[in-house]
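Working notes for the structure below.
Order of appearance sets the numbers: ligands from 1, and atoms from 1 within every ligand. FYI, side chains are in, hydrogens and waters are out, and symmetry mates aren't considered; it's all heavy atoms of this structure.
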Amino acid sequence: MYTVGSYLAARLSQIGLKHHFAVAGDYNLVLLDQLLTNKDLTQVYCSNELNCGFSAEGYARANGAAAAVVTYSVGALSALNAIGGAYAENLPVILISGAPNSNDHASKHLLHHTLGTHDFLYQLEIAKKLTCAAVSIISAADAPALIDHAIRTALREKKPAYIEIACNISAAACAAPGPVSAILSEDPSDLATLEEAIAAATDFLHGKQKPVLLIGSKLRAAGAEKEAIELADALGCSVAVMAAAKSFFPEDHPQFVGIYWGEISAPGAREIVDWSDAVICIGTIFNDYSTVGWTAEPHGPGVLTADTDRVHFEGHDFGCIHLRDFLAALALKVEKRDATMVEYARIRSERPTEPVAEPDAKLMRAEIVRQIRPLVTPETTVLAETGDSWFNGLQLRLPDGARFEVEMQWGHIGWSVPATFGYAVAAPERRIIALIGDGSFQLTAQEVAQMIRLKLPVIIFLMNNHGYTIEVEIHDGPYNNVKNWDYAGLIDAFNAEDGKGRGLRATNGGELAKAIDVALANRDGPTLIECVIDRDDCTADLISWGRQVATANARPPRAD
Ligand code: DPX
Ligand code: MG
């Protein structure tokens, strides 16, 4: 016997979820009971719904998909911010909201947790804008079809979906779920189009001497990481990655030339991409941030764009092709073209590494990065928060297997605390390191308590520069100052009577080294290391990038 709630649980489990994230509320309590009946799914609780959404977002990064369960309006409207993030970041997160009793629709009743009007559709309408599929279940008979539609669409499109379930329907009987293949199956690439696209792309490359591959952040969502390596191997050309795609192409691959990010690119990477006569952009996203204020965007007849389901370049536009099929088929057709590697070997240089600081010298940002470097093993995932943490993280060299997560399209400060929690729930076997600024941490700090609750040995480097330094570099004012907290002391408060989290403060390199030892030894909970640095002690990359972004923001209105 299935109910709407147990049907939903079965489908979540079938698509590979072992957990779902939740905050309770009276519109979803019966649903939560139903989800608990599935012994293959663990319910994981969050401190608030924004964090619940971001925890699921982080889980989806490690696991491929995720679910968050919240209550109506007061919960869901907070979670929807994170769902917008999942849309921007191409992650299939299923947001499930309890909803008013089906009898209250079209009745005279006013309900709590609503606007105080008879409109109970506004949440669904908002969710439609932020998801690829949004359904409302007010009849158990319709539940299987609606649930399947939402989940299938999310998995296909790698975008979030929304399911709301009237609170009196969650425990109502419904049909049993069928085979999961009905949800997982996807339309194959159109073969005739694929063939023509490969012929045209081969022609395009035939006339070119200096191709490069530029890897973008949609590569993972497209499930095409392996195929990108195949194409790189076949072409023998240089491979640059965009910042948001760090770790999506192995950094110890011999053709890896580093991050392409305009004037703050890895040494040689910008020169090679700009010199190329055939930039193959794979799953790339060019926005104001990734183009450094519109100063660095490959364009013109030498650009071939291979997107998630579409390939286009001068005079051609082919749809209905999966990226992985295009890359794999092209790899079989192309000839070696290694001119960019030959040139790169001539011009390459290394960024200077950070000098070792005296153990009792005042702590500086560079020393922190220097001490984090050896922690990054093949089993490590680094999550880097919006702020100078992006630029610090991007400077870490990743051995094969290490992963790197950023939320560069949505850019919600505070994302990384719950996302790290969700990621750690999904991948407890990995070493998980979060780089977070003080301002960002203050948005979502509570989720450290959930890391303590589940005894997750996450290491958090909290850069306390006493402000919104990235904003300081873009445009400074009193609004960029942050009230200081006793961050290390906060962990004791979260521990209460039973927690095993550790909070430490480092003001010099010696203290930082000792704190890292404590963190590595603490397997029973998170360790937060507050790294105290000057307000303007930031990367040179942040200064250069911030100046260009500020210039782009400050463009005057057009006269017309
Ligand atoms: C804001 C940003 O302390 O990092 O390294 O000091 O910059 P840095 P912090 O975490 O400060 C972050 C701060 C205020 N961005 O510099 S990046 C605007 C913003 C945002 N998201 C939300 N609100 C405001 N990105 C939710
Ligand atoms: Mg800061």
Original post:
With a cut-off of 2.8 Å, does Thr469 place any N/O/S atom under that distance from the Mg ion (ligand 2)?
Top reply: no
**OP:** Could you tell me the residue and atom name of the protein heavy atom closest to atom 4 (O) of ligand 1, and the distance to it rounded to 0.1 Å?
**Re:** Gly437 CA, 3.8 Å
Original post:
Are Glu511 and Lys514 close enough for a salt bridge, meaning some N to O gap below 4.0 Å?
Top reply: no
Original post:
Between CD1 of Ile368 and CG of Asp537, what distance do you get to the nearest 0.5 Å?
Top reply: 7.5 Å
Subject >> Nearest non-hydrogen protein atom, atom 7 (O) of ligand 1 >> reply: Ile470 N, 2.7 Å
**OP:** Consider only side-chain N and O atoms of Asp388 and Thr539, and report whether a donor and an acceptor are under 3.5 Å apart.
**Re:** yes
Original post:
Which of the atoms in ligand 1, numbered in the order shown and given with their element, are less than 4.0 Å from a heavy-atom of Gly439?
Top reply: 3 (O), 9 (P), 10 (O)
Original post:
Quick one: nearest non-hydrogen protein atom to atom 11 (O) of ligand 1, plus distance?
Top reply: Tyr468 CD2, 3.3 Å
Original post:
Are Arg431 and Glu379 ion-paired here, with the side-chain N under 4.0 Å from a carboxylate O?
Top reply: no
Subject >> CE-OG1 distance between Met242 and Thr291, expressed to the nearest 0.5 angstrom >> reply: 8.0 Å
**OP:** For atom 2 (C) of ligand 1, find the nearest protein heavy atom and state the residue, atom name and distance (0.1 Å precision).
**Re:** Glu471 OE2, 3.4 Å
Original post:
Is there an N/O/S atom in Val482 that lies less than 2.8 Å from the Mg ion (ligand 2)?
Top reply: no
Subject >> Residue, atom name and distance, where the atom is the protein heavy atom closest to atom 5 (O) of ligand 1 >> reply: Asp388 N, 2.8 Å
Original post:
Do any nitrogen or oxygen atoms of Asn465 lie less than 3.5 angstrom from nitrogen or oxygen atoms of ligand 1?
Top reply: yes
Original post:
Please state which protein non-hydrogen atom is closest to atom 8 (P) of ligand 1 and give its distance, to 0.1 Å?
Top reply: Thr469 N, 3.5 Å
Subject >> Per atom 23 (N) of ligand 1, closest listed option by heavy atom (Ile413, Asn392, Ile533) >> reply: Ile413
Subject >> Identity and separation of the nearest protein heavy atom to atom 3 (O) of ligand 1 >> reply: Asp438 OD1, 2.6 Å
**OP:** Determine, for Arg535 against Asp476, whether the closest basic-nitrogen to carboxylate-oxygen distance falls under 4.0 angstrom.
**Re:** yes
Subject >> From Thr114 atom OG1 to Tyr72 atom OH, the distance as rounded to the nearest 0.5 Å >> reply: 7.5 Å
**OP:** For atom 25 (N) of ligand 1, grab the closest protein heavy atom and report residue, atom and distance to one decimal in Å.
**Re:** Gly411 O, 2.8 Å
Original post:
Mind checking whether Phe441 and Tyr487 have parallel, tilted or perpendicular rings, split at 30° and 60°?
Top reply: perpendicular
Original post:
Would Asp438 count as a contact for the Mg ion (ligand 2), in the sense that one of its N, O or S atoms lies under 2.8 Å from it?
Top reply: yes
Original post:
For ligand 1, which atoms have a heavy atom of Thr386 less than 4.0 angstrom away?
Top reply: 17 (S)
Subject >> Within the 6.0 Å centroid threshold, strictly below: His475 and Tyr468 >> reply: no
Original post:
So, Arg220 and Glu405, do they make that salt bridge, N to O below 4.0 Å?
Top reply: yes
**OP:** May I ask you to check whether Tyr289 and Trp545 place their ring centres under 6.0 Å from each other?
**Re:** yes
**OP:** Using a strict cut-off of 4.0 Å, indicate which atoms of ligand 1 neighbour a heavy atom of Ser440.
**Re:** 9 (P), 10 (O), 12 (C)
Original post:
Where the Mg ion (ligand 2) is the corner point, what angle links OD1 of Asn465 with O of Gly467, to 10°?
Top reply: 100°
Original post:
Quick one: does His412 get a heavy atom under 4.0 Å from ligand 1?
Top reply: yes
